[in-house]
Amino acid sequence: MRRLREAVAGLDVGMLVNNAGVAKPGAVYLHEVDVEAWVRMIRVNALALTEVTAAVLPGMLRRGRGAIVNIGSGSSFALPSYPLYSVYVATKRYVLEFSRSLSVEYKSSGIDVQCQVPLLVETNMVSSAARLIRQFVLTPDAYARAAVSWIGHGTLCVPNAVHRLQGWYICFWQDFITDGSLLRRHLKQRVIFRRLRSWRKSQGNCVATRNNNASA
């Protein structure tokens with residue numbers, strides 16, 4: 001953060017896009033993972049976003065203009081819950097409320113603050129299981145094109161029409177139906193992730209064994 005503040009001190013930062021985020025360790029119950037994993041997620045998804053925003057705001061205020069775009073998640077906006085991703089969705093809800101309040105605070109100073117809430121985009125954060133729903137998963141380029149066109153148009157937005165259609169469809173279902181469906185889907189993802197972790201661990205052990213044999 002010290003290096004960042006020094007780097008932006010002499011720059012005219014017109015726009016900040018807070019896009020960094022992590023969803024690992026994926027679909028798990030809270031008690032199944034060491035608490036440090038959740039702390040790391042909170043540091044990236046919430047704390048870092050807050051610190052970077054605070055670093056660029058003084059310059060924007062001096063110039064009387066600027067835009068801040070925070071990437072939230074449809075999981076914290078369009079859905080009643082997001083089971084097995086409880087910490088992730090909580091950090092994204094923070095982003096949403098943080099953005100809403102900042103927008104009110106700084107709009108009169110010429111600074112536009114927006115929270116975009118995409119649903120599924122084909123990145124490393126989206127599991128292979130989720131990618132099976134191909135018609136609802138956007139490529140990064142497709143999302144980026146829509147996202148740029150929406151900057152400056154509202155405090156909260158779902159930029160892509162496919163995602164808006166998906167959110168509209170979700171609203172038709174009662175919460176308990178959506179909750180149950182998501183829990184079943186995420187439990188399946190949990191099984192996949194557990195198998196992947198076991199496989200990676202076994203591969204790591206094999207490499208370590210080969211290295212030890214080579215050293216001997």
Side-chain angles (χ1 to χ4, degrees), residues 15-24 26-27 41-53 56 66-107 111-127 129-131 133-175 177-179 181-183 185-186 189:
M15 181 183 299
L16 167 67
V17 179
N18 281 310
N19 188 43
V22 294
K24 289 182 180 180
M41 182 183 290
I42 293 168
R43 282 177 183 151
V44 175
N45 293 3
L47 182 58
L49 175 142
T50 305
E51 289 181 325
V52 174
T53 302
V56 303
I68 297 171
V69 180
N70 296 322
I71 305 301
S73 170
S75 62
S76 68
F77 174 69
L79 299 171
S81 70
Y82 210 55
L84 304 190
Y85 289 89
S86 55
V87 177
Y88 172 78
V89 74
T91 62
K92 289 302 183 178
R93 187 69 188 187
Y94 169 84
V95 173
L96 189 154
E97 297 299 340
F98 178 68
S99 303
R100 277 176 165 166
S101 295
L102 285 186
S103 177
V104 175
E105 293 171 24
Y106 291 101
K107 184 171 287 293
I111 301 171
D112 187 85
V113 182
Q114 181 184 78
C115 179
Q116 297 192 359
V117 284
L119 279 84
L120 295 176
V121 180
E122 192 171 356
T123 67
N124 291 334
M125 288 179 64
V126 177
S127 73
R131 288 179 186 148
I133 320 171
R134 299 299 307 182
Q135 64 270 31
F136 290 130
V137 183
L138 297 179
T139 66
D141 285 346
Y143 178 77
R145 283 193 296 271
V148 168
S149 69
W150 272 80
I151 293 174
H153 299 285
T155 303
L156 180 66
C157 68
V158 183
N160 190 277
V162 172
H163 286 172
R164 291 197 295 276
L165 178 62
Q166 191 176 0
W168 175 76
Y169 175 76
I170 290 169
C171 290
F172 276 98
W173 300 96
Q174 292 185 325
D175 287 358
I177 296 176
T178 304
D179 289 341
S181 174
L182 286 170
L183 180 59
R185 182 185 302 170
H186 293 171
Q189 291 179 15

Do you know which two heavy atoms are closest between [X] and [Y], and how far apart they sit?
X: Ser75; Y: Val89; value: O-CG2, 3.3 Å
X: Asn45; Y: Gly21; value: OD1-CA, 3.2 Å
X: Ser81; Y: Asp179; value: OG-OD1, 2.6 Å
X: Pro80; Y: Thr178; value: CD-CG2, 3.8 Å
X: Pro118; Y: Val121; value: CB-CG2, 4.2 Å
X: Arg93; Y: Arg100; value: NH2-NH1, 4.2 Å

What is the distance from atom [atom1] of [X] to atom [atom2] of [Y], rounded to the nearest 0.5 Å?
X: Ser103; Y: Phe98; atom1: OG; atom2: CZ; value: 12.0 Å
X: Tyr94; Y: Ile42; atom1: OH; atom2: CD1; value: 11.5 Å
X: Arg145; Y: Ser149; atom1: CZ; atom2: OG; value: 10.5 Å
X: Leu156; Y: Glu97; atom1: CG; atom2: CD; value: 9.0 Å

*asked:* Can you classify the ring geometry of Tyr88 versus Tyr82 as parallel (below 30°), tilted (30 to 60°) or perpendicular (above 60°)?
replied: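 If you compare the ring of Tyr88 with that of Tyr82, the planes turn out tilted.
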
_His186 (side chain) donor-acceptor with Ala27 (main chain) under 3.5 angstrom_ =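 No, His186 side chain to Ala27 backbone: no donor-acceptor pair under 3.5 Å.
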
*Are the side chain of Gln116 and the backbone of Cys157 linked by a donor-acceptor contact shorter than 3.5 Å?*
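Side chain of Gln116 to backbone of Cys157, a donor-acceptor pair under 3.5 Å: no, none is there.
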
Are the side chains of [X] and [Y] in touch, meaning some heavy atoms are under 4.5 Å apart?
X: Asp112; Y: Lys107; value: yes
X: Val69; Y: Trp150; value: no
X: Ile71; Y: Val95; value: no

*Quick one: do Tyr85 and Lys92 satisfy side chain to side chain contact (heavy atoms under 4.5 Å, CB included)? Show the steps, please.*
CA-CA 11 Å; Tyr85 289 89; Lys92 289 302 183 178; over 6 Å; no

*Go through the structure and list residues passing side-chain contact (heavy atoms from CB on, under 4.5 Å) with Asn18, not counting sequence neighbours.*
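Only Leu16, Leu49, Val52, Thr53, Ile68, Asn70 meet the side-chain contact (heavy atoms from CB on, under 4.5 Å) criterion with Asn18.
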
